[in-house]
Every structure is written in structure tokens, then in C-alpha cells.
Amino acid sequence: MNVFTLHISILIWGLIQSVSGQNVADKKFHIVGKNENFFRISLKYNFKQTALLTFNPQIKHPESIEVGDTVWLSKREHNPIKTTSKQVTKSEVLAEPKDIQPSKAVINTFDTPSQHDLDIPLFNHPDPITNWVLKLDAFFVLITGITIIIIFVSRITKNRVAVRKKRLIEHYEEIISSFLFSDENVQDSHYLQRFTQKSVAKTGFQKTILAHLLSKIHDNFLGDSQLLIERMYHEHELEKMALKNLHSIRWSNRAKAANISGKMNVKEAIPTLKVLVSDRNRQVRIQAIIALIRLRNDKPLSFLSGIRFELTDWEQVQILKALERYNTNEIHLEASHFETELATVLGLVIRIAIQFNKTESSSTILSFLRHANTTVRMRVLSACKSLTYIESVDILKTYFDEAAIHEKIQIIDVISVLITEDDGFFLNIFENEELDESLRLAAAKGLANVSNGYAHMELINKEEMSIQSKLSKHVLDWRL
Amino acid sequence: MSDSLIWAYYAFNGFIFIYAVSVSIFYLAHVFFAFKGMRRYKRRKLFFDEQSFMSSDFIPPLSILAPAYNESATVVDNIRSLFSLNYPNLEIIVINDGSKDDTLQKCINTFQLVKVDFAVQYKVASNEIKAVYKSENPAFRRLVVVDKVNGGKADALNAGINILSHEYFASIDVDCIIQQDAFIHMMRPFMDSQKRVIATGGVVRIANECEFLNGNITQVRLPKAFLPRHQVVEYLRAFLMGRMAWAEINGLMLISGAFGVFDKAIVMAVGGYNKHTVGEDMELVVRMRKHMHQIKEKYEVAFVPEPLCWTEAPMSYKIFSRQRNRWTRGTIETLWTHKDLFLNPKYGVMGLISYPFWFLFEWLAPILEFSGIFLILAMTYFGLVNWYYFGLFLTLVYTFAIFVTTLSLAFEEFSFPQYRKLRYISALIFTVLTEPFVYHILNSWNAIKGNWDLWRGKKNWGEMTRTGFSKPQS
Amino acid sequence: MSNSESILIVEDDELILKTLEFRLKKENYKISIAKNGLEAKKILLENPPKLMITDLMLPFINGRELIQIAKNECNPPIKVIVLSASSQENVILDAFKIGADDFVSKPFSPIELSIRVKRFLSV
């Protein structure tokens, strides 16, 4: 939970910068103070000692300076009187400041060119560092100030809208719930007209809220009530909003509009949705596909041939959900045609098989395993694993004997995930010494994975099968 | 001789300059990437269909691991609140880590637990599991209580991993308050990513002074006390900006132990939590990521910016200081254990960006900062400080600090705002303005103390691990 | 057949709660509503209804516990219909094991639900 703190370490930079004294150019001389020597002065103003000595021909030996001495910090050009004096006496030191008006020099550490003073004097500082720092300061303060104002404005408006929104939602909820379950004939168009009259939705704000509520409640119902909600939606001409948003520049708007037009049965959206199926944004593509399935535009699985990318689990779940609107047999019949190269959608096809026809899904999977190419076969196996499709254990065992050796290893792996207790499957393979070493090894690992396999660890150790025991033991070992 | 000293000055100067500039650039980059990530998350949420999530047969089941140590006062309420979580298939595993009080007995009485036979395989190392309890009451069928020999939080989690039955597990602090549909959102990255997601982290928010009822939050309030209020700001910045940005470039190295979901297979493959460190949460993620690079599989560590988990922040300085101390030690231990990551291109973003960032700006920064303060003191003594420049740069540092923190407040406002009253906003802004003066210094001081303790503790390392830390805060 | 039997609806989604309330009121049932587990528990103990329609995931006290209260602590035991978003087999079996009398998964047909209610209350 470490926190990324705002380190003031940048501060050090400021400090060290300050001692290294980029400001030399502006101060003209230094009066030696207590505890100071020539080296320290050179350090303070960032000069090499030799350079400092050339400015101060009066100083013969760096060690010889005393408190109150003047050390010049630049070559003096118009200073004829002092250059000759080799030793500066104490009284002269006192006199000297008067000579070059040090009080003014200190105040005007930076001699600003007067003509620039008129515009922003703050940023026309002759010292470039001061200049930059002040500019950055101003920038940060400005942005901070603007951000604070924006936060406040947004908060105030949101709080205001929240009150309105809450009232509006309550109002709509009341009306929707009363109309939804009335005993009157819902097919009657007057009925819907009354609904429209009662629930006024003129402004965009009202329409958005109503559309949101309708789509939310739509998910919870089946059959006639769902149809009624769709009709309420159309009665208010809310679909116009969605149709407009289908062309929005923002991908999220397009995706949302696709989603809602699928849900609310907006048939007018079909042509646009067909274009959106090849949108450049993935989310939009998926939502368009789902919408088209929901709108019962074509054969239920016709979209599959159009998908050229791997579907994630969540996308598959959504598609399956949309497919629920179709007749089970219809889907299953069509799914059985997809037994070939469409590896990308395989997971989905298997899911369809499982969800829509549990009894027949085994045969679908078996036929995949028997007839498809190697990639597809491997995918079927990994799909069984990731879906934790426990019913597939029997099929896998059936298929095990005809499988190639690398598939066998895969199958053992899948089964070890799916079952929690070994029914002798692993043990038989493991104890059969005629079998390939790698197979026995996989079985040993499988044994280590199931809960009653622990009892056999001794056996594995006893047999002292070097690789096997090592590998299955390593699962148990702590390692960093 | 003196010339070379000046050169040393220049070199140090140069280093500090580059350091300071890169810190600032990193923070600006945080702002940028966090903004991008947040925007995408919010947009994708627009058409997230919870209903089909809840009703699908294909949602991966989840186990929740909640280690408890001497929690007898709150454990029952906390477990009860876990039962009202919205998730289709949930298994709740409470691990009693050898509590000295009646934590276990309270659970047994309330939830009508009975001992069950359970063939435990120690697939990841953990102390002995004494017994496994399940409820006789079908209403609590999904509850498993594990009683084990004390071994610290990491060890308790490992024991839980040995027991759990699902493919994914969430590790939570038992005293956290978790929003009802938290795991729906937390599991979504696992299902909705083109790469394999190995772990998902969530936001942790401060629950002090909020109103609760039976382990659910009913009214969000901004804490008035000094430490919690500053921690609110700090957490906002750390989670909404820090973690979000790292997740966006897939460089997230830390998922807080209080709230995260993991892929069990990967955790097991790397051997579970490491109980020899106090920073077991960060260490695990780093090890998992390393493993993924070694087996050369594309992966992702995701992050969910929604406020789903609330926790009580330390109120007293003593506990706060101990917590920070522990975090520092955990970080350093992790960084030290995995020092081979440093600028190692083999480990991608983690090796090239995340690790150096942690090393330079999380570990080194407080040290540099404090050495800076001592340097100033020393130079003041010798009369070398130019106060003009000191003041000048102080303003720069200050304005930059409030600039970044204010932006993180804006992130809160435009993502999932929780503090809705105007007076909360004003209080937050005031906190932002004053944070660098007191709170920040306390924070860095505790980091320094952590460094010191670790360095000193190295000599009696064994003893330190045995006494262990088991949730100093509570 | 007098339809003035009392029904408790427990549901945290306001809109569904309202629609159900409206629908069942039309059929002359006495309806009490609760938005979370605590409210529901209070009603169950103080003013036990004849039938309870409940979600499984509820704030404060979850549906499973409510079912237990309805079955064990109320006399006579209250009939329970579970209305849940998850339709996974084990969730359904679970609900029946705890003692639910019927299970309706969302999305649901309100007409179907009201027929089920009628069946329970006409006995």
C-alpha cells in the first residue's frame, strides 16, 4: 500500500543550487566576514580561486585576507583609484561601500533593464533561474487554481442535478411501475399514449434518464413486460437519441448506442450496425454484433464468420446472453456446422454447445477432437479446462486412447484440473511402466494435484523415478 | 584540491538536478496515464451489463481469503458482511492464524461450525493446519474456517491457498468493508482482457468517521482527525493517480494486501506468499510477474479504480508510524530480493521502468530528502546558504506538490466522487495546501526510521521474522 | 377467494420492488416492502406475512439468512419464493436446501410470478 508521496527532494536541488551561486554575475564585491577564507568565498560565488585572484590583484596570498577585506567579484574596469591600492585598510573598507553605493547595489541585486519593467516585471527578471522558477510557479498555481474552480463548479452543479435527478427518477419509477402491470390491454395504443402523456420527457436530460431506467428494468423481465418496455421506449421516440449516437465520434457513445438499440429492438439501427461491425474500435464491434444478434437480423450464428479476432470470455458471455432469444435447436444446429478452422470462435461454439444443449455438447466436443486439426484440438482441450466443464471428463477419457502423445499429456493436465479426486485414472497411467516417461510424469503431476493424490507421494518417492519424483515434489516445495 | 571539491559540488549538483527533473517528469506522466486509464475505464463501464454477468453460467467462481488474528470483537460481523456480497459463486475462507483470543470459538458458535475431514496438501508452504471447519447450517454452506498454527499474514494466506477450491482467489483484510458488488467489477478484467490477467488490484479508501451498519457503509464522511484526513488525500493520490497510471502502462508492481484478486495457478507456480518479508503483497506480485516473463506468456496486472473497499486508517501516531515503517521495510526487502530486475530488459516494463522508479523515487527519495535537510543545517552553520534561492526553489517545490495533488482531487471528482458535500471539498483542498508542511515530513521521517530499523534488524533477522508482524493495525 | 393475504417483498432494486408491489397490490394482496435484510428481518419478526419474495444478495443480512428466519423463527413457517439474478444450478439447489419453496431467476416474467404467488396462497 505504499504511497507515492510527493517528494520534496527537489528541494535539495534548490538548496545546492543556491550555494553554488549562479548569482555571482550580479553581486559586485564581497566583504570578508567572520570564519571566512578565500576558498570559501570562491565556493560561495562559484569561482575558481585563480579566477578570483585575477579580479583581486591586491590580494597576493589567499591566506592573507582578513575580516572586513573586500574581495571583488568581477574585473573592475572603471575603478582607477582602488586598483592601485594594494593593501586595503580597515578605514578604507568602511569608506568603499559609500563609493559604489552598496546599499543600492544590494537592493538592485539584479539591474533590470528599465524598458522591460513595463510588461510583466515578474517574468523579466534578468536572473534566468529566477525567471524560470517564477514562470513555472505561476503555471502550477494557475492550473491548480483552475482545477479547484472546476472541481467546485462541477460539485455544485452535480449536487443540484442530483436533486433534480432523484425527483425525476422517482417520478418515472412511479409511472413505469404503475403502467407496467396494469390489467388493461397493453396492445391498446391509447394505453401507451396515456403513458406518454403522464411521463413527460421533453428535454435531453429527461430523455436520458427515462432511457436509462427503461433499459435497466428491461433486463429484469421476460416476455410481454419486456415488449411493453420496448414499446414505451419507442413511444417516447427515445430511439432517435440512440440512432444519432451510433454516428458519434466517441467510441463509447457508439458502443452504448449499439448496446441499447439491440436491447430495445430498434430495427432502424440495423444498417448502421452492419457498418459498425467493422468499426475500428473493438468494443463497438462487439456491441454491434451483440445488437445484431438481438435484433434477429440473420441466422443466429452468421456473425461468427465475420469475427477475425479472439473473443474474450466476457464477450462470449455477452454473445451467449444475446443468443438466448433464439430457439435452442436452431442455434445448436447451426453451431454444429462450425466444426472446422474457426479456431478463434471455438471457445464460443463450445460454450454454445454446453449452454444450449447439455446432452449433445459431449458429442460436439468429441467430433471436434476427432475431425479438426491439431490447433483446434488443442483449443478444445484448453476450453474444457478454462470452462471447468466437468462433464467433459468422460469424453476426454474416451478420446484418450486415440490421442497423440502430446495430446495425452494435455488431456491428463486438463483432467487433473477438472476432477478433485483420482478414480484410478492417473494411478493406472503412472503405474504402467510400459508407457512413455513423459506421460507417467504428467500423471504424477496430476496425482499431486488431486486431493487424494497425496497418499501416493510415498509411492512416487519409493519408486525413485528420478525426474518424476523431482517434478511432482517441486509442486510441494517452497521456492522463492 | 579545492578545485576538485568544486567539481564534486558540480557533480552532486548535476545529479540532484537530473533527479529532481525526472521526479517531476514521472509525476506528470502519472497524471497523463492515469487520466487515460480512468477515461477508458469509465467509458467501458457505460455499457457493462451486470445482469448478464450475474446470470451467466460461465462466470469463474471465486474464493475469498480472509486471515484473522485476534479479531474476536469484530470477526462475526465481518464474516456476516461477506455473505451479502453480490457474486454468483463465492467461497469464503476465514483463516484463524493461531489467535490467542476466542476468535475461533465465536465463529464456531455463531455459524454452527463442525470439524470436517480435509486432506490438506501443502502445495505452498504454510504452517500446520490444525483443523478445517464448515457450517452445519446450509445458509453458511459456503463458509470454510481454517484453524492453523500462528505464522503471520503471509503464512495464513498460504494456508488458505492450500484449502481453497476455485481458480481465482481474493485476499482481503477481514476488517475491510467491501461494497456489495465489488467482486463483479474486480473479476471483470480477468474475463475481459486479451492478455492473461494474473492479478487485479482495487482501490482502498479510508472509512474513518463514515457511518456503518452491519459491515456495510451507509454514509460517507470526510474524517476530521488530522492523520486520517491526510491519509484520505494520500490514498486518493496513490490509488487514483499512482496505481491507475502504472496499470495503464502495465507496470503495476503492488497490489495492496487489503484488497486484490489473484490467479491461483500462477500464485501456486511461484510458491505462494513469501513469509520472510513484511511486504508480502508487493513481493508476490513481483514474483508472479517475473514468472510470467520467464515462461514468456503475455500477461497483465489490472487495476479497478472504483471505490470498492474501505478500511479504517490508523488514528494514533504510534500505529501510523508502525504501519509506515513496515511498508518501507517491505518495499526495501522486495527491492533487495529482486535486485536483478534493475534496468533488466528481460523483464519488460517492470524491469525498465517500474523497478527503477521504485528504487529511485520510493526508496531513495526520503533518504535524499532528509540528507538535504541535514545539508542545509550544516551549510547554514557555515554561512553558505543563499536564502533567496532557498525560498525561490521552495515555492517551486510547493506549487508543484499542490499542483499534482489537486489534480488527483479532480480525478476523484470526475471518476467516482464520494465526498459530495461542498465543505468536504473545501476541507480536502485545505488539506492539500497544508500537507507538505507537516504530514509529508512525518511520512518521510517514518520512511527513514524504516530504513534504519531494517539496517539494524539485519543482524537479528531470524528473531524478527519469528515474532512476525500480524496486523499491527486494528 | 379472499385475496387479502400479506406478502413481504425484499429487493434492493427500487424499480423492481415498486413494480412488484404495484402488480401484487392490484391483485388485492397486502404488501409490505423491505429494501434490505435488516428491514426485512424486523418485519418478519414483528409482523410475519404469509409469503416472502426475496432476493439472495441483500445488504446487511443476506437472503439465505432471511429464509432461515422465515422458516425457523416464525410460526407458522413463512412460504418463501426466491427471486435471484443468478441462475446457476448450484445457487438454485442451494436455495432449495435452505428451505426456499420456489425459485424464480431474473429476468423473470411477472405474470408467471403472480401465478406462483397465487398457488402458494390459495392452499
Side-chain angles (χ1 to χ4, degrees), chain A residues 1-21 23 35 39 43-44 48-49 130 133 136-137 140-141 143-144 147-148 150-152 154-156 159 219 252 255-256 259 283 287 310 312-314 317-318 321 351 355 387 451-452 454 475-476 478-480, chain B residues 2-3 9 13 16-17 20 23 43 46-47 51-52 56-58 119 121-123 125 188 191-194 234 238 242 254 256 271 274 327 331 362 365 368-369 372 376 379 384-386 389-390 392-397 399-404 406-407 409-410 413 422 425 429 436 440 443:
Chain A
M1 214 184 302
N2 299 48
V3 189
F4 98 89
T5 45
L6 263 177
H7 302 293
I8 313 195
S9 53
I10 190 177
L11 181 61
I12 313 170
W13 179 54
L15 296 176
I16 288 174
Q17 201 62 30
S18 67
V19 279
S20 70
N23 55 340
N35 282 337
F39 167 62
L43 218 53
K44 183 161 182 173
K48 290 188 177 180
Q49 286 193 64
T130 309
V133 170
L136 283 175
D137 274 356
F140 292 141
V141 169
I143 303 275
T144 309
T147 315
I148 290 175
I150 291 176
I151 291 175
F152 268 108
S154 130
R155 191 70 288 180
I156 292 167
N159 280 353
D219 291 340
S252 53
K256 177 140 202 233
N259 181 304
Q283 302 299 327
Q287 294 302 331
E310 201 86 31
T312 68
D313 283 7
W314 175 238
V317 167
Q318 283 174 290
K321 172 94 182 164
R351 277 198 162 95
Q355 175 153 335
L387 295 175
S451 63
N452 61 350
Y454 202 62
V475 186
L476 307 172
W478 164 266
R479 69 187 170 93
L480 192 68
Chain B
S2 52
D3 275 4
Y9 248 146
N13 227 345
I16 296 291
F17 177 72
V23 167
R43 287 188 177 175
L46 272 179
F47 45 90
Q51 188 67 43
S52 48
S56 172
D57 284 345
F58 298 108
Q121 303 167 66
Y122 292 89
K123 287 178 184 170
R188 202 176 137 211
M191 302 188 66
D192 201 12
S193 173
Q194 279 123 283
E234 188 189 18
L254 169 61
S256 67
N274 176 1
W327 288 358
T331 308
E362 292 283 346
L368 272 182
E369 192 179 330
I376 294 288
M379 289 193 303
L384 284 172
V385 179
N386 181 327
Y389 275 98
F390 180 82
L392 194 67
F393 281 104
L394 201 60
T395 57
L396 184 61
V397 170
T399 47
F400 185 74
I402 57 165
F403 159 74
V404 172
T406 316
L407 284 183
L409 286 191
E413 174 60 37
L422 279 182
I425 305 273
I429 287 168
H440 174 78
N443 230 342

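In what follows, chains carry the letters A, B, and so on, assigned in the order in which the sequence lines appear, proteins first and then strands, with residues in each chain numbered from 1.
Scored by the side-chain hydrogen bond (donor to acceptor under 3.5 Å, both in side chains) test, Ser52(B) finds Asp49(B) as partners (sequence neighbours excluded).
Residues Thr399(B) and Leu136(A) are not in side-chain contact: their nearest non-hydrogen atoms beyond the backbone lie 4.5 Å or more apart.
Heavy atoms of Leu422(B) lying under 4.5 Å from chain A belong to its backbone as well as its side chain. At a 4.5 Å heavy-atom cutoff, the contact between Asp137(A) and chain B is made by backbone and side-chain atoms alike.
Ranked by heavy-atom pairs under 4.5 Å with chain B, the first of Ile143(A), Asp219(A), Ile150(A) is Asp219(A).
Shown here for Leu392(B) and Val133(A), the closest heavy-atom pair between the two residues is O-CG1, 3.5 Å. The two residues Lys256(A) and Phe47(B) come nearest to each other via the heavy atoms N-CD2, 3.9 Å.
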